[in-house]
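As the structure lists them, so they are numbered: ligands from 1, and atoms in each ligand from 1.
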Amino acid sequence: MASNFNPYPNPSPIPPTPHHPKPQTHFSQSPQTLSADPNPDPKLVITGGAKLSGHVSISGSKNSALPILAATLCCTGTSKLKNVPNLSDTRTMTSVLGSLGAEIEFSDNEVVVKTDGVGSVEPDPTRIGKFRGGFFVVGPLLARFGEAVVGLPGGCDIGARPVDIYVSGLRALGAVVEVRDNKVVAKTANGKRLAGGRFRLDYPSVGATETLMMAACLAEGKTLLSNVAREPEIIDLARFLTKTGAHMEGVGTDKICIYVKSRLLGAEYGIMPDRIETGSFMLAAAITRSRISLSPVFPGWLSSLIDKLVGAGCKITHKHNMLEVSSSTEDLRGFDVGTLPYPGFPTDLQPQTMAFLSTCNDLSIVDESVFENRMTHVKELQKLGAKIQVFGSTALIYGKEKGNKLCGTRVLASDLRGGMSIVLAGLAAEGVTEVNGVSHIDRGYENLENKLRLLGADVKRFEFSKSNLQQ
Ligand code: EPU
């Protein structure tokens with residue numbers, strides 16, 4: 001444990017961090033805080049300023065693993081998924097499958113799912129309410145069992161996250177769907193199989209595309225989905241489904257045609273690397289003006305970020321599935337960026353990019369168009385000294401203008417990617433940053449502090465247990 005850090009936070013208000021904040025060098029303690037909160041969140045304590053170097057191994061993709069775990073419900077027999085990141089979200093997803101009667105073994109990064117014992121079409125709503133991915137099971141359950149009763153999903157607090165596109169799409173495939181008592185209750189019209197059909201999504205929603213692909217795989221007729229999402233995770237799901245015997249065309253374009261299959265059989269499949277984790281570590285190198293390599297990476301998935309970082313003055317090279325990011329100068333240029341569905345700039349990298357832009361020269365503008373409320377990290381970045389103004393879904397980031405700089409203080413992660421943005425800011429800040437609310441970050445980054453430490457960052461995790469505190 002760091003000698004100058006006391007893990008019991010003082011409940012007094014966070015010191016104001018106006019224009020030129022004083023870097024925090026330690027935090028004083030009040031042990032009573034621990035007993036006041038029976039289940040305190042872990043925290044990360046980061047001493048900023050270290051240069052990063054070395055290599056980071058990228059984990060399997062959370063947003064690919066979640067729908068693929070759901071897709072195992074489309075299959076009879078056993079599926080073996082490899083490279084599954086061990087995260088709270090993937091563990092919750094396996095518990096959702098378990099609540100339906102599936103047999104699950106999750107060890108290291110391998111998940112074996114046996115679905116022959118599935119006897120329920122209503123997953124535990126308390127688990128579904130924890131995250132967005134749990135809702136994906138509505139498609140497979142309806143397709144295979146003709147019925148699904150699934151609670152409305154939870155997830156990061158980044159704006160309204162309706163399920164209207166899912167519902168209209170399932171209706172287009174012949175299901176009778178009602179939303180009542182916070183649940184979606186869906187049945188096939190004839191009590192047997194979905195019918196297949198044509199459906200144009202109003203917006204290329206990732207989750208709705210995935211759910212409808214899974215539902216359509218076992219429908220009686222051919223299905224044509226248009227204006228679908230084109231994210232790499234959609235392609236990964238299609239690859240898994242194809243291995244189980246499904247037949248589809250057009251995946252990766254804005255139209256997918258899914259052909260009739262009466263049965264899918266569990267398969268072995270390796271989950272793709274996490275492109276958002278990759279982008280986050282690229283930004284960690286950029287914000288600390290360091291040089292690191294990352295693998296396995298498919299640079300084409302991140303070309304929107306790579307173009308921006310190169311424009312800012314970073315050097316990025318790649319060989320096979322390895323990427324190297326370096327920025328040898330302090331003086332990087334800011335840029336303007338707007339989030340869009342793939343292949344546009346990913347909303348899941350917007351908060352981390354904003355942290356980076358607050359260390360660049362010039363004024364930068366960030367426009368968030370995918371989620372209506374993905375700006376909660378701004379308040380925390382401001383506490384760290386970033387000069388940012390928000391107008392609706394647009395943020396102006398003033399960068400290093402007039403000597404603005406990041407200085408460590410106590411901050412709170414209130415969602416996954418926003419949490420990562422303050423971790424990145426903490427790496428670059430002067431002094432000590434204490435990041436609270438780390439359970440949000442744990443939903444999406446496997447072994448985060450170990451990976452950062454291997455790169456040379458000074459990051460410590462503090463876990464609270466009932467009787468004591470362990471690092
Ligand atoms: N939308 C609707 N109606 C719907 C579905 C979506 O209006 O029926 C709207 C949403 O409200 C949102 C927009 O469409 O404004 C995009 O939502 P989308 O459905 O594409 O997102 P998602 O499937 O809920 C997945 C990822 C998110 C990622 C988005 C966009 C998973 C489990 N989640 O969410 O990941 O931001 O796609 O790329 O795959 C994260 O990992 O931090 C995360 C939030």
Side-chain angles (χ1 to χ4, degrees), residues 59-71 85 87-90 92-93 96 128 130-139 150 152-172 177 179 184 199-214 225 227-237 254 271-272 274-280 301-302 304-305 339-352 368-377 393 413-421 440-446:
S59 296
S61 159
K62 165 182 85 81
N63 288 347
S64 182
L66 295 176
I68 292 177
L69 281 163
L87 301 165
S88 53
D89 267 15
T90 49
T92 309
M93 190 68 184
V96 166
I128 298 287
K130 284 187 180 171
F131 68 140
R132 184 76 172 173
F135 190 70
F136 299 157
V137 300
V138 72
V150 184
L152 290 172
C156 283
D157 188 11
I158 51 182
R161 297 183 77 179
V163 293
D164 54 309
I165 305 173
Y166 296 66
V167 169
S168 317
L170 293 173
R171 285 183 180 143
V177 189
V179 183
V184 170
F199 181 68
R200 185 178 196 283
L201 284 72
D202 286 343
Y203 180 91
S205 153
V206 174
T209 301
E210 292 165 341
T211 300
L212 296 174
M213 283 163 68
M214 294 186 266
L225 302 173
N227 197 30
V228 292
R230 291 181 282 161
E231 270 68 2
E233 293 76 13
I234 304 281
I235 300 176
D236 214 33
L237 171 63
D254 66 350
I271 305 291
M272 65 179 247
D274 195 310
R275 67 191 169 99
I276 303 302
E277 187 196 24
T278 307
S280 303
W301 294 345
L302 283 154
S304 56
L305 175 67
T339 64
L340 281 172
Y342 188 85
F345 194 90
T347 174
D348 290 346
L349 288 173
Q350 177 265 103
Q352 304 90 314
E368 171 60 55
S369 73
V370 177
F371 289 108
E372 60 179 17
N373 184 29
R374 205 167 207 178
M375 290 283 171
T376 48
H377 50 283
S393 56
S414 56
D415 71 86
L416 165 57
R417 309 302 173 185
M420 188 61 182
S421 83
H440 290 287
I441 305 174
D442 289 341
R443 292 183 46 203
Y445 292 92
E446 189 177 46

Where the closest heavy atom to atom 15 (O) of ligand 1 is concerned, which of L201, N373, V370, L416 has it? V370

Heavy-atom contacts under 4.0 Å between E233 and ligand 1: side chain, backbone, both, or neither? neither

Flag E210 as yes when one of its N or O atoms lies below 3.5 Å from any N or O atom of ligand 1, and as no otherwise. no

Heavy atoms only, cut-off 4.0 Å: how does D415 contact ligand 1, side chain, backbone, both, or neither? neither

Can you name the salt bridge (charged side-chain N to carboxylate O under 4.0 Å, His left out) partners of E277, sequence neighbours left out? K451

Any idea which part of R374 is under 4.0 Å from ligand 1, heavy-atom wise: side chain, backbone, both or neither? side chain

Distance-only side-chain donor-acceptor flag, Q352 / H377, under 3.5 Å: no

Under a 4.0 angstrom heavy-atom cut-off, which atoms of ligand 1 come close to Y166? 5 (C), 8 (O)

Flag for D415-T376: side-chain donor and acceptor within less than 3.5 Å: yes

One finds that the ligand 1 atoms under 4.0 Å from a non-hydrogen atom of V163 are 8 (O)

Would you say I165 and ligand 1 have an N/O pair spaced under 3.5 Å apart? yes

D348 contact mode with ligand 1 (heavy-atom cut-off under 4.0 Å): side chain

Enumerate the atoms of ligand 1 whose separation from the nearest heavy atom of G207 is less than 4.0 angstrom. 19 (O), 23 (O)

Between R275 and P232, is any pair of side-chain heavy atoms under 4.5 Å apart? yes

Taking only non-hydrogen atoms of R132 and a 4.0 Å limit, the atoms of ligand 1 in range are 5 (C), 24 (O)

Any N or O on L66 sitting closer than 3.5 Å to an N or O of ligand 1? no

Looking only at atom types and distance, does a side-chain atom of E368 sit under 3.5 Å from a main-chain N or O of F371, one as donor and one as acceptor? yes

Side chains of T209 and L201, heavy atoms from C-beta outward: is any pair under 4.5 Å? yes

For D89, which residues count as a salt bridge (charged side-chain N to carboxylate O under 4.0 Å, His left out) partner, sequence neighbours excluded? K62, R443

For V206, which part has a heavy atom under 4.0 Å from ligand 1: side chain, backbone, both, or neither? both

Taking atom types as modelled, find out whether S59 and E446 have a side-chain donor-acceptor pair closer than 3.5 angstrom. yes

At under 4.0 Å between heavy atoms, what of P162 touches ligand 1? The answer is both

Ligand 1 contact on T347 by region, counting heavy-atom pairs under 4.0 Å: side chain

For S369, is there any backbone N or O sitting under 3.5 Å from a side-chain donor or acceptor partner on T339? yes

Distance filter under 4.0 Å to Y203 heavy atoms, resulting ligand 1 atoms: 13 (C), 14 (O), 16 (C)

Enumerated ligand 1 atoms positioned under 4.0 Å from heavy atoms of K62: 40 (C), 41 (O)

Salt bridge flag under 4.0 Å for residues D254 and R200: no

Would you say the side-chain atoms of E372 and S393 include a donor-acceptor pair closer than 3.5 Å? no

